[in-house]
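Order of the sequence lines sets the chain letters (A, B, ...), proteins ahead of strands, with each chain counted from 1.
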Amino acid sequence: MIQNFQIKNSVIDQIKEISLEEKKFRLKNLDVFNNEGFPNNKNEEWKFTNIDKIIKTNFKKLILKKDINELKKFDLITNFEHNYIILVNGRLKSFNLDFEEKNEVNISTFKNNNFDFKKNNTLINLNNALYNEGFSIKVNDNYKMKKSIIIYNFFTKELKENMINIKNKVILGKNSELHLIEYNINNSKEKFFNNTYESVFLDKHAVYKTISINENRSEGFFHKFSSNTLLSNTNYTAYIFPAGLKFNKVDLEFNLEGENIDCSLQSASFLKKDEHQEIRTKINHLFPNCKSYQKVKNVLSLNSKGVFQGKIFVKDKAQKTNAYQLGKAMLLNDESEFNSKPELEIYADDVKCTHGSTSGSLDENAIYYLMTRGLNRKESTSLLIDAFLNEIISTIKSKSIKEFIKLKFEKQIYGH
Amino acid sequence: MSKENIKTNQEYKYGFETKIDSFKAPKGLSEDTIKFISKIKKEPKWLLEWRLKAFSRLNKLKEPNWQKPKYPKINYQDLYYYSSPKSMKDKPKSLDEVDPKLLETYKKLGIPLNEQKKLSGVAVDAVFDSVSVATTFKDELTKKGIIFCSISEAIQKHPDLVKKYLGSVIPLTDHYFATLNSAVFTDGSFVYIPPNVRCPMELSTYFRINASETGQFERTLIIADKGSYVSYLEGCTAPMRDENQLHAANVELVALDDAEIKYSTVQNWYPGDENGVGGIYNFVTKRGACRGKNSKISWTQVETGSAITWKYPSCILQGDNSVGEFYSIAITNNHQKADTGTKMIHLGKNTKSKIISKGISAGKADNTYRGLVDIGKKAQNSRNYTQCDSLLMGNKCGAHTIPYIKNKNSTSTVEHEATTSKINEEQLFYCNQRGLDQEEAVSLIVNGFCKEVLQQLPMEFAVEAQKLVGISLEGSVG
């Protein structure tokens, strides 16, 4: 148990089978967290999200999770054929790669071998100190996966005032391809805190597509930091549908370490009562001729708060960079709030960088138009919201996946 | 574009120093210094107390360090906080009594003080270091009931107005440099426009930093009463220097019901040489409050000088239907650094704001736009439009955009757009073909890029500003 959110060193002594080096690494990180605590709004990256306050108002204590990883039977998605991984509270339970050739894709429990100590976001330090769950996927060179992998990411109903620290790793070899769908299923009705650190590495010419979506609404508090390293000629596409959680911050950093990289990130969410969601991105253009694209759309209802902080950094030698960023928000209610900080930091002259941010209400003229065509106000509103958010979903290429996501997304909006 | 670098040989045009003995306060920042300043200016007791209150708060504050341009630590104990030309100890009553050396300085600066007085139609309140030298066109303004004088004079003659409004927009409890100014401000301008009066001419003041090691701490206060209008110009040039000089001015604007204030600045202080040695630190706090209904405050700035420019002219839109505008051109060359932008704080209903910012960066300079648009809960039907464009010349400079956007009202609309690009080579080629050399072509294109802002300047400034844009970028074409 964490008293006053301070964690005793003895917690780390209890972690079994770790080397002396790892132990030192964990202790050092723990020290940073104990000294500095959760980030607050004095930290520029947490300007609009005072997680220190949020945690302290919602939790009296945080209990480190003991083994509560049992899972009842569940049904697999039948909409399309897929490989799958089953995670329970972050722990790798089982996986199935029936559609793939043998030994081309490796899935295992996460093992850390990087003990470079860095002082950064104290939540990462916390994760470094306490992680005990997670998986890694490695796709071999020149292997293009035949089917997508769905991660069934279960959070069990026993979770209550628990804290989970997870580390995941995705490695794509040269000229390989992976489609990954992260499907979060939250069975807990109570508040809990999930702190994930994910690292993604794309070797030359690799193609990575990822979608993440929540199956249902829950009282979970989620923070995910994703560190992405892309080498030349890679293609990265991400769709994030992060709504449905009480608190969710998705923190994505990209290092484009090669030429001709194409990096695209899109997100759509409909935030309901008391939800707090932030997407923060940082794209570092370090080499010439790369392209990055970001589009984040939010609809905010009742007392919800949405934040988008996006930063594009272009190094002096990264000429011919093409970076695009757009944040759009629709506020449905005076109790809702949208904050955004689209940031550009540019040191190269031959670049095309644009960003835009808009926030406003529903277009009354459009509602009027629809109402004159016989729809009532509620229907008109829903139609406009649908159109606003579906723009993101409609760009998903695979038809069957698109249908599936659409179904789940509509459930996020209208279900429950 | 030709790869060959054309070296800049453009010397700072206004780099001269008038040799006049200065009357200085003792070095260093202390209660004694403040008491000295207050005594020499024959200030009332309340103002001294106000200054001391600011000073005691200053001691608790820390210098901010979140800004992009970093600078060496300033030793506040090594500065003079008051200096006035000696011959000014007894204030001259007319232009004839003014030190001819001073008049010569103004001539070099091109301030229309003497013969040009009537022709230019500009009333000038020139601040030479810290004491106002002469104020012209007073009669004409007095007839209309307009008060335009130095703030020291206003403190003596109109204490009620000063007491009522001083510190009402930038309070004592503000940030470090604003509080420093409150404690040690020496002089500045004061404008009061009575109800329903339209100021017949552009009011203008030229600031000039002269005596070495003197931080200048002006305080400007402009009040536009109900239904009035005023346009105020501020232009700055400073002599060439090697050590860095601090400039921390405070400008407060108050617009009451149906009033409008237009505040334009052309800032051309010494930017340091091409190696980044010397130059002015321009850390200015400018803030306007649209207190009344239907009031309007418009900031226009052309920032070409200073080693570091760090300022955010802001509008607090309190009154319903009030309007805030910000038009800015920031040009940085060589080692110059600018971190500038605006804050638009929407509190009243139907408030509108517009931000147009053009940043041009060349050489090894860094140019940052940093701004805040904050729509409060009660600001129904508010609107904001922001456009930030950056132009980069060369790959050793930087252009950054850091907008903060907060929207708490569902009936309000906020739009933000930003682009970063370089000079179009086809346009350059076209200009070259028509006989313009590289620098002329760049100047023309950049002036076109800045057009939306330059248009906002009053006539007198527009011409000067256009020339400045060209001059500031000389030597940057590579």
Side-chain angles (χ1 to χ4, degrees), chain A residues 42-44 47-48 288 298-302 305-321 323-364, chain B residues 1 66 68 359 361-362 364-425 476 478:
Chain A
K42 288 205 174 115
N43 184 331
E44 193 61 28
K47 182 120 196 146
F48 303 111
N298 279 323
V299 176
L300 299 114
S301 67
L302 287 168
K305 190 172 171 183
V307 181
F308 174 49
Q309 294 198 68
K311 182 168 181 176
I312 297 169
F313 172 85
V314 181
K315 208 179 166 182
D316 52 2
K317 70 171 182 182
Q319 298 289 5
K320 306 274 177 205
T321 289
Y324 176 87
Q325 184 193 69
L326 181 67
K328 274 189 160 186
M330 205 187 260
L331 279 75
L332 301 182
N333 183 286
D334 275 356
E335 303 304 312
S336 54
E337 182 179 337
F338 181 70
N339 297 320
S340 103
K341 192 176 103 181
E343 209 177 318
L344 298 174
E345 188 174 353
I346 294 160
Y347 292 97
D349 60 341
D350 193 5
V351 297
K352 219 171 106 184
C353 293
T354 47
H355 70 187
S357 170
T358 62
S359 67
S361 56
L362 281 164
D363 183 356
E364 281 300 325
Chain B
M1 209 185 288
W66 45 262
K68 183 109 189 142
S361 204
K364 287 176 180 152
D366 254 322
N367 202 327
T368 306
Y369 166 85
R370 192 190 299 270
L372 168 73
V373 176
D374 191 344
I375 309 262
K377 247 186 192 154
K378 289 176 184 157
Q380 299 281 348
N381 295 318
S382 291
R383 263 200 81 94
N384 161 267
Y385 174 73
T386 306
Q387 187 191 332
C388 309
D389 296 326
S390 305
L391 199 62
L392 283 156
M393 299 167 121
N395 59 1
K396 288 196 175 69
C397 52
H400 320 299
T401 317
I402 311 172
Y404 294 78
I405 302 154
K406 295 181 180 178
N407 189 353
K408 294 194 186 100
N409 188 297
S410 66
T411 55
S412 299
T413 309
V414 184
E415 286 170 275
H416 175 97
E417 260 179 66
T419 60
T420 303
S421 55
K422 68 168 187 173
I423 288 185
N424 189 321
E425 298 209 7
S476 62

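If you tally non-hydrogen atom pairs under 4.5 Å between each of Thr368(B), Leu392(B), Asn407(B) and chain A, the highest count goes to Asn407(B). The most heavy-atom pairs under 4.5 Å with chain A, out of Cys388(B), Ala418(B), Ser421(B), Gly398(B), come from Ala418(B). Note: Val414(B) leads Thr413(B), Val414(B), Ile402(B) in heavy-atom pairs under 4.5 Å with chain A. For the options His400(B), Lys408(B), Lys377(B), heavy-atom pairs under 4.5 Å to chain A are most numerous at His400(B). Interface check for chain A: of the options Ala399(B), Cys397(B), Ser361(B), the most heavy-atom pairs under 4.5 Å are formed by Ala399(B). Contact count against chain B (heavy-atom pairs under 4.5 Å) is highest for Ser357(A) among Ser357(A), Ser361(A), Ala329(A), Ala348(A).
Both the backbone and the side chain of Ser340(A) come within contact range of chain B, judged by heavy atoms closer than 4.5 Å. At a 4.5 Å heavy-atom cutoff, the contact between Lys68(B) and chain A is made by side-chain atoms alone. With a threshold of 4.5 angstrom between heavy atoms, Gln319(A) approaches chain B through side-chain atoms but not through N, CA, C or O. Gln387(B) does not touch chain A: none of its heavy atoms, backbone or side chain, sits under 4.5 Å away. Gln309(A) does not touch chain B: none of its heavy atoms, backbone or side chain, sits under 4.5 Å away. Using a 4.5 Å cut-off between heavy atoms, Asn367(B) does not touch chain A at all. For Ser412(B), the part sitting under 4.5 Å from any heavy atom of chain A is the backbone (N, CA, C, O) and nothing else. Interface remark: Lys47(A) contributes side-chain atoms only to the contact with chain B (heavy atom separation under 4.5 Å).
For the pair Arg383(B) and Glu415(B), the salt-bridge criterion is met [side-chain N within less than 4.0 Å of a carboxylate O].
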>> Checking Val299(A) against Leu332(A) for the side chain to side chain contact (heavy atoms under 4.5 Å, CB included) test, could you report, in this order, the C-alpha distance in whole Å, the side-chain angles of both residues, the deciding distance, and whether it holds?
In response: CA-CA 7 Å; Val299(A) 176; Leu332(A) 301 182; 3.7 Å; yes
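Side-chain contact annotation: Asn333(A) with Ser301(A), donor-acceptor N/O pair under 3.5 Å absent.
Looking at every heavy atom in both residues, Tyr324(A) comes nearest to Thr354(A) through CD1-OG1, 3.4 Å. Between Ser410(B) and Asp334(A), the shortest heavy-atom contact is OG-OD1, 2.8 Å. Heavy-atom minimum distance, Lys320(A) versus Val351(A): N-CG1, 4.3 Å.
The CD atom of Glu337(A) sits 9.0 Å away from the CZ atom of Phe48(A) when rounded to the nearest 0.5 Å.
Looking at Ser390(B), its side chain never comes within 3.5 Å of a backbone N or O of Thr420(B) through a donor-acceptor pair. Between the side chain of His416(B) and the main chain of Ile405(B), no donor-acceptor pair closer than 3.5 Å is present.
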